[in-house]
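Take a look at the structure below.
Side chains included, hydrogens not; waters and symmetry mates left out as well; all remaining heavy atoms used. Residue numbers start from 1 in every chain, and the chains themselves are labelled A, B, ... in the order their sequence lines are given, proteins ahead of strands.
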Amino acid sequence: MPTQYDPAAVEVPTYQRWVDAGYFTADPSRVLSGERKPFSIVLPPPNVTGNLHVGHALDHTMMDILARWHRMSGDEVLWLPGMDHAGIATQNVVEKQLAVDGKTRHDFGRELFVQKVWDWKAESGGAILGQMKRLGDSVDWSRERFTLDEGLSAAVQTIFKRLYDDGLIYRANRITNWCPGCLTALSDIEVEHSDDPGELVSIRYGDGEDAIIVATTRVETMLGDTAIAVHPDDERYAHLVGTTVTLPIVGRQIPIVADEHVDPSFGTGAVKVTPAHDPNDFEISRRHNLPALTILTPEARITDTGTVFDGLDRFEARVAVKEELRRLGRIVAEKIPYIHAVGHCSRSDDVVEPRLSLQWFVKVESLAKEAADAARDGRTVIHPPELAARYFDWVDNMHDWTISRQLWWGHRIPVWYGPDGETRCVGPNEEPPGEGWTQDPDVLDTWFSSGLWPFSTMGWPENTDTLKAFYPTSVLVTGYDILFFWVARMMMFGLYAMRDEDGRGLQPFDVVALHGLVRDERGRKMSKSRGNVVDPLAWIETYGADAVRFTLARGANPGSDQAIAAEWVAGSRNFCSKLFNATRFASMTGAVVPTGPLDREGLTDADRWILGALDRTVRSTTTLLGDFQFAKASEGLYQFAWNEFCDWYLEFAKVEVYAGGEGAERTRQVLGYVLDTLLKLLHPFVPFVTETLWTSLTGGESLVIAEWPEAAANQEDTAEVDARIEKVQKLVTELRRFRADQGVRPSQKVPARITGLEAAGLAGLEGLVRNLARITEPEEGFQSSAEVEVGLGTAGLVVSIEIDLSTTIDVEAEKARLAKDLAAAQKELGLATAKLGNTAFTDKAPAAVVDKIKARAELAEADISRFTARLEALAASAPTGGTPA
RNA sequence: GGGCGUGUAGCUCAGCGGAAGAGCAUCUCGUUUACACCGAGACGGUCGGGGGUUCGAUCCCCUCCGCGCCCA
C-alpha cells in the first residue's frame, strides 16, 4: 500500500462504477408503494454554454451532500440534472462564429440558423455535464432534461396558453429595457446596475423670465422631449404651467405641465420629459396625453428627429448635441464626472436603453402574491431565515415581467395573427391556423421555461409517477444572489400550475437553502477583469474532487459568503491523505469491522472514550445536515477524525495492539468499527476517498448504498471515562512540554517515576501515559534530575513525575516554564478573588457560578504555592547549573 | 436616498451573557515502523471606537466609524 492517496487514479473510474451500478437512478414506485420516503432536488439548470465555475462547485457540493446523505438514510432520492437553453447567450455564441465568415443569422434564415444552434449544442454545448461528473454529482442521468427538448417545450406551450386564457399574459406598448447590442428586450433582472462616471448637463429651455433649467445625463434625448414637468405646488414655476417653451435645436413648442411625481427638491425642480425613452417620463406622458417620439433605432442611433444628428450613435450624439447646445448658449452647468447608476445588459454589457416597444408581459400581481404567501405561511421555508426579507422585498414589489425576446433561439410565442387583425393563442395539441395567419416572431424569455423546471422535468403536464412521487421537491439549493432568478419564477409557476386535491397551489420546494458567494482568498468577489477567477477543475486535477468539495463544504455557513484559496484546498487534500493513512494503519494492524453491533463489554477507557466521541459526532453530524449547516458538520468531522481519532486514539490503540492478547483483539474491533462509521459519515462530503478506503477495509459493495450510522441506542454515560482520558492527555501534554523546553528529542526515551496516579483514578492508565510521553520505568541507578508536577483540575490533585535526564537540566528553561505557569495562576487568582470579594456578585449570581469561581480560586492558590515552592527549590539547589547526574 | 448584512489571532472564519476557539501562516525541535500531504511544542487577540443595561458583556441596547450587498 502506498503512503499517499492518489485521487487522480481512482475518481473517474469510481464515478463510472457508481453510474453503471444504477445507484443514482430514482424509482418512483418505491415511493408510491410507501416503501421509502422521497427526497428530491432539481438542479437549478446551468446554462448550456457554461462551464463549471467555483460557485457551481459549491452549489453542487451542497446538493450532493444532501442527496448522498438521504440515500444512505434509506430515502428514495431523485436528483434531477439538466440545462437551460440560455437564449441570448447561446444565440450570441453561434452568431459570433458566423461573424468570423462575415455572415449574420439573417443570411441563413430562421430555420437554418436554429438548426446551426442545435448543431453547436450537440458538438460543444453542455461541457458542464462532464464537469459535474468530475465533481462526483450523484444525479440521475437517466432523467437529464433540456429546457428546449420536446417535453419541456410542450410544458411551456401549455402554461402559456393557460396564463393567456386566464388573462395573465398580455401584449402592450411599454418602455422596456432594451439592449442595442443583443437587439432584444430584457427583463428587469437581466439588467445590472453599476455606478459609472458620466456627466450631468444643465440646459436652459426658453429665455428671460420664462427660462427653465433642466438637468440630464443623456443630453441626446432632448431631441425627443415633448414636455417639461414641474411639481404643481412649486411656486417658482407656477406662472409657467400651461405655457409652452421652444425646444432648442429642434424648434418644437413643448408644454410645461404640472405633475405630482416630480421631486421639487431635486436639482432645479423641473424635468425634461422624453416619453419614448424613460419609464418615468412615459408615465407622465400618459397622465398628460403627451406624444411619445421614438428618436432611437433598435441599434441606438438617432432617428426621425429631422436634425443633422440623425444617423449618429447615441454616444456620438451625446457629444454633438451638447456642443450644438453650447454654441447656442444653452448650457448653464456641467458636472463632470458625474457618478450615477447605469444599467448594463447582463449578457453583452452594453448600456441598456429604455425604449418604447410592443412586447409580451406576464401580469405578476396575483402570481407574486401567491409566491409570497407560500413563504409567509411556511409551505416553503427559506433558510437561513434572515434572507427571507430579501425574497419578500422582491416578490412584494415585482413589476410585470417582460417575456418576449427578439431572438430566434428559444420557445417561439404560440400566438398567431390573422389577416384581419385577429389574435389566437395556440395550445400544445391544437393545429395552428392556416392560410393568411402568421406566428409572432419573438421567443420567450429563457426563465419562462426554467420557471417550470421543478415539474416540467418530471413530465408535467402529464401526471406521471415521477411527479406524483417527487413533487413538491424537498429542497432547492442556490445562491442568495440569484434568489430572484430561480426562486421567484419557479414559485410563481409552481403554485399556479400544480394543485393539491383541494385546488390549493402546491409549492415547488419545501425548503430553499441559500448559500453565499465564493470569493478569492482575500474575500474579494471573483471577476474576469480582476483576474482572480479560480477554475475548480484545475483544482480537481491537482488536489482531487474530494479536496475541492471538502474545502467548499467547510466554508459553507448558511447564507454567508466564503473565501477560498489553493492552500486551503491543499489542506483538505492533506485531510484525505490523513484518512488514507489512518485506514492504512488500521488495515496493517488487522482491524476488523464487526458485522453486527459492536460488543461493548470489556472495553478499555480509551475504547469507551473514542466510542463516546464517535456517538456524539454521529448525532451532531446528522442534526447539522438536517439544518443545512455544512460548515459545522464538516468541521466537526475534521476535528473528530484528526484531533481525536488520529492524534489520540490511534496512539492509545498502538499500546493495546502491541501488547497483544484479548485486549488487542477488542481494540482491532473498535478500530474497525470507528473507521467504518467515520467513513460513512464522511462519504457525502468526500465520496471518492471514503469509497476507496471503505471498500478496501470492509470488502463491501459500495458506500453509496451503505447505511447511515445511528448513535448507539443505549449510549453509556462516558463522563467519567472522558474525565480520565482528559487527565491522561493533560499528563502527556505537560510531559511533552517539559521535554520540549528541556530540548529532549521526541524519540528519546527517558526513565521516570510517577506518583499519585492512583489517587487521581488513573491506576490502569499508566501505560498510556508512559507510551505517549515516551517515559520508561525507573531502572537501577535511577536518579531524578527534575520533577514535573501536573495539577489535574482539582485543588490538591497532583501527579508528580520524577525524571532522570541523566544530564544536567536547563535550569533557566525550567524557571521560565514555571514562571509562565505561575503568572497565569496569579492572574487567575486575581480575577477570581475580585469576583468573590464583590458581594453584588456573590448575592446575585447563581450558586453554581459562585461555586465554580470558588473552585477556581482554590485551584489557583494550590498551583501558586506549588510553582513558588518549585522555583525556590530550583534557586536553592542549583544557582549556576543543574544537579550532577 | 431606502433596506439588509458585517467588523473576533498575520489571513479566512466559528463562538454570541458567566474562564477567548479552529484551520492556514509563523517560530523551535524531530525520519519515534499509519502519515514530512507528518508528529511534538511554542508564539499570537484591551473580540472596530465610545456610551448604556447587568453582580457580570465579545455576546443585549444606543451611538459613531469602516467595509460589503440589494433596491432606488
Side-chain angles (χ1 to χ4, degrees), chain A residues 1-6 188 193 263 266 280 340-341 386-390 393-394 397 480-481 483-484 516-517 519-525 543-544 547 551 554-555 557 559-565 567-589 591 629 631-632 634-636 638-639 642-643 646-647 650-651 653-654 658 671 732-749 771-774 817 820 824 827-828 831-832 834-836 838-846 848-850 852-853 855-856 859-860:
Chain A
M1 215 167 165
T3 62
Q4 275 172 29
Y5 171 66
D6 179 15
D188 291 348
H193 293 273
D263 177 2
F266 186 79
N280 293 322
H340 64 300
E386 55 267 28
L387 284 173
R390 228 174 152 106
D393 194 46
W394 176 257
N397 299 297
Y480 66 75
D481 56 324
L483 187 63
F484 318 133
L517 269 41
R519 295 168 172 276
D520 76 2
E521 72 277 12
R522 290 169 60 186
R524 296 173 309 185
K525 202 167 173 172
Y543 303 108
T551 307
R554 214 174 162 195
N557 284 300
S560 45
D561 293 353
Q562 66 168 302
I564 191 169
E567 51 191 336
W568 308 342
V569 183
S572 297
R573 184 269 321 265
N574 295 353
F575 178 60
C576 293
S577 268
K578 191 74 179 174
L579 291 174
F580 175 88
N581 281 301
T583 309
R584 180 166 173 265
F585 166 75
S587 300
M588 283 164 57
T589 52
Q629 301 274 6
K632 289 186 177 62
S634 329
E635 188 63 25
Y638 182 97
Q639 296 293 344
W642 202 312
N643 302 342
C646 290
D647 283 352
L650 290 187
E651 298 306 317
K654 284 175 188 171
Y658 296 154
L671 266 178
V732 170
T733 304
E734 284 299 311
L735 283 166
R736 284 171 174 169
R737 188 159 78 100
F738 169 81
R739 295 172 54 120
D741 286 348
Q742 288 296 326
V744 179
R745 279 184 294 107
S747 55
Q748 188 187 331
K749 296 186 175 175
N771 271 282
L772 269 64
R774 303 212 156 256
R817 195 172 75 85
K820 194 186 152 199
K827 189 183 170 193
E828 173 73 11
L831 288 172
K835 280 196 174 191
L836 293 170
N838 182 354
T839 51
F841 171 74
T842 48
D843 290 351
K844 294 197 175 181
V849 175
V850 178
K852 213 157 123 186
I853 302 291
R856 282 170 52 188
L859 182 59

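- Within the 4.0 angstrom heavy-atom criterion, only backbone atoms of the sugar-phosphate kind lie near A:Thr733; the bases stay farther away.
- Judged by atom type and distance alone, A:Arg573 reaches the base of B:rC37 through a side-chain donor-acceptor pair under 3.5 Å.
- Judged by distance alone, with hydrogens and angles left aside, A:Lys654 brings a side-chain donor or acceptor within reach of the base of B:rA34, the pair sitting under 3.5 Å.
- Annotation: B:rC4 and B:rG39 have their P atoms spaced 46 Å apart (nearest Å).
- The distance from atom CG of A:Asn557 to atom C1' of B:rA22 is 12 Å, rounded to the nearest whole Å.
- Side chain A:Arg856 to base B:rA19: a donor-acceptor pair is found below 3.5 Å.
- The residue A:Glu734 sits apart from the nucleic acid: no heavy atom pair falls under 4.0 Å.
- Proximity of A:Trp394 to the phosphate of B:rG3: no side-chain N or O atom is located under 4.0 Å from OP1 or OP2.
- Taking atom P in both B:rG3 and B:rC55, the straight-line distance is 34 Å, to the nearest Å.
- More than 12 non-hydrogen atoms from other residues, nucleotides or ligands lie less than 6.0 angstrom from NZ of A:Lys654.
- Using a 4.0 Å cut-off, no side-chain N or O of A:Lys827 falls inside it from OP1 or OP2 of B:rA19.
- Comparing atom distances between the A:Arg584 side chain and each of B:rA34, B:rA40, B:rC55 picks out B:rA34 as nearest.
- Of all nucleotides present, none satisfies the Watson-Crick or G-U wobble test against B:rG45 with each distance under 3.5 Å.
- At the phosphate of B:rC38, neither OP1 nor OP2 sits under 4.0 Å from any side-chain N or O atom of A:Asn581.
- Checking the phosphate oxygens (OP1, OP2) of B:rC38, a side-chain nitrogen or oxygen of A:Asn574 falls inside 4.0 Å.
- In this structure, B:rG66 and B:rU6 make a Watson-Crick or G-U wobble pair, each of the two defining distances being under 3.5 angstrom.
- The residue A:Ala389 sits apart from the nucleic acid: no heavy atom pair falls under 4.0 Å.
- The side chain of A:Tyr5 contributes no N or O atom lying less than 4.0 Å from OP1 or OP2 of B:rA34.
- Comparing the P positions of B:rG1 and B:rC11 gives a spacing of 31 Å, expressed to the nearest Å.
- Note on A:Asp647: only backbone sugar-phosphate atoms sit closer than 4.0 angstrom, heavy atoms only; bases stay farther off.
- Side chain of A:Arg739 to backbone of A:Arg774: a donor-acceptor contact under 3.5 angstrom is found.
- Taking atom P on both B:rU53 and B:rG10, the two are 32 Å apart, rounded to the nearest angstrom.
- The same atom, P, is picked in B:rU12 and in B:rG48; the two are 15 Å apart, to the nearest Å.
- Here A:Gln639 lies in heavy-atom contact (under 4.0 Å) with sugar-phosphate atoms only.
- Taking only side-chain nitrogens and oxygens, A:Lys820 comes nearer than 4.0 Å to OP1 or OP2 of B:rC43.
- Nucleic acid contact for A:Tyr638: sugar-phosphate only, since backbone atoms but no base atoms lie under 4.0 Å from a heavy atom of the residue.
- Atom pair A:Arg774:CZ and B:rG30:C1' shows a separation of 11 Å (rounding to whole Å applied).
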